[in-house]
Amino acid sequence: MNAVESFDEWGDAQLERLRGHPIADQVFKAASALGDFSGIWQLVSVGRLITGRTSTRQSLAFSALIGAESLVVNQGVKRLFGRIRPTESGDPRFPVRRPSTSSFPSGHASAAFFAAAIITTATSRRLAPVWYSTAAVVAVSRAYVRIHHPSDVVAGAAVGVVLGSIGSKVFKAVT
């Protein structure tokens, strides 16, 4: 067993200790579902627009950037790796949408950390803990429901941070 497999086995064992806890199950099931198609991040953007905390231009720029991130990760990076998911459709205890892309890296994790970077750029660094904590919950949810290996999640978060750094510069330039 290599180091990545050992990490994945250890990470899954840690999450298994939480699985079955009613609050953890609900939080991670909901976070996984809300992360589908970056829904949670689009809701944040629309919510900020409706409440007057952002401009239409910023909201549209955010949507375009999150779409570009998804394209790069799901149609680019994931195609470089053909990693098989830990389960075909997730843990039977946690029904989730069956992804059509490979397991590595986690697109939910990448999108979450990418979105956290852009939203932090659009708002205030004081709110960064809120956005990055939400991103972490969405990211971990994917290993929790067993649709990703823990290492997929870590790699996805790293990709999201890198792309988020680039995306934040683009966001500033266009808004």
What class does the angle between the rings of Phe104 and Phe81 fall in, given that below 30° is parallel, 30 to 60° is tilted and above 60° is perpendicular?
perpendicular

Tyr144/Phe94 aromatic ring centres below 6.0 Å
yes

Return yes if some donor-acceptor pair links the side-chain N/O of [X] with the main-chain N/O of [Y] below 3.5 Å, else return no.
X      : Y      : value
Thr134 : Val130 : yes
Thr51  : Gly47  : yes
Arg85  : Ile147 : yes
Ser32  : Phe28  : no
His21  : Ile23  : yes
Asp8   : His149 : no
His108 : Val138 : no

Salt bridge or not for [X] and [Y], using N-O below 4.0 Å?
X      : Y      : result
Arg146 : Asp12  : yes
Lys78  : Asp152 : no
Arg83  : Glu5   : no

Look at atom CD of Glu9 and say whether more than 12 heavy atoms of other residues, nucleotides or ligands are closer to it than 6.0 Å.
no

Should the heavy atoms of other residues, nucleotides or ligands under 6.0 Å from CD1 of Ile84 be counted, would the total exceed 12?
no

For residues [X] and [Y]: do they belong to one hydrophobic cluster (side chain heavy atoms under 4.5 Å, members Ile, Leu, Val, Met, Phe, Trp, Tyr)?
X      : Y      : answer
Leu163 : Val170 : yes
Val72  : Ile118 : yes
Val44  : Leu127 : yes
Leu80  : Val73  : yes
Leu34  : Phe113 : no

Calculate, to the nearest 0.5 Å, the distance between atoms [atom1] and [atom2] belonging to [X] and [Y] respectively.
X      : Y      : atom1 : atom2 : answer
Leu65  : Ser70  : CG    : OG    : 12.5 Å
Ser45  : Gln58  : OG    : CD    : 9.0 Å
Arg126 : Ser124 : CZ    : OG    : 4.5 Å
His148 : Thr87  : NE2   : OG1   : 10.0 Å

May I ask you to test the Val154-Phe7 pair for a side-chain heavy-atom distance under 4.5 Å?
yes

Just do the side-chain contact (heavy atoms from CB on, under 4.5 Å) check on Gln42 and Phe37 with the steps written out, would you?
CA-CA 9 Å; Gln42 298 293 356; Phe37 309 107; over 6 Å; no

By salt bridge (Lys or Arg N to Asp or Glu O under 4.0 Å), which residues pair with Arg53, not counting sequence neighbours?
none

Non-neighbouring partners of Asp36 that pass salt bridge (Lys or Arg N to Asp or Glu O under 4.0 Å), sequence neighbours left out:
Arg97

[X] versus [Y], closest heavy-atom pair with distance:
X      : Y      : result
Ala122 : Arg48  : O-NH2, 3.7 Å
Gly167 : Phe114 : CA-CE1, 4.1 Å
Thr121 : Ser168 : OG1-OG, 2.9 Å
Val153 : Val140 : CG1-N, 4.1 Å
Asn74  : Thr101 : O-CG2, 3.8 Å
Trp41  : Ala112 : NE1-CA, 3.6 Å

With no hydrogens and no angle check, just 3.5 Å: does a side-chain donor-acceptor pair link Ser59 and Thr54?
no

Arg79 versus Ser102, side-chain donor and acceptor atoms under 3.5 Å:
no

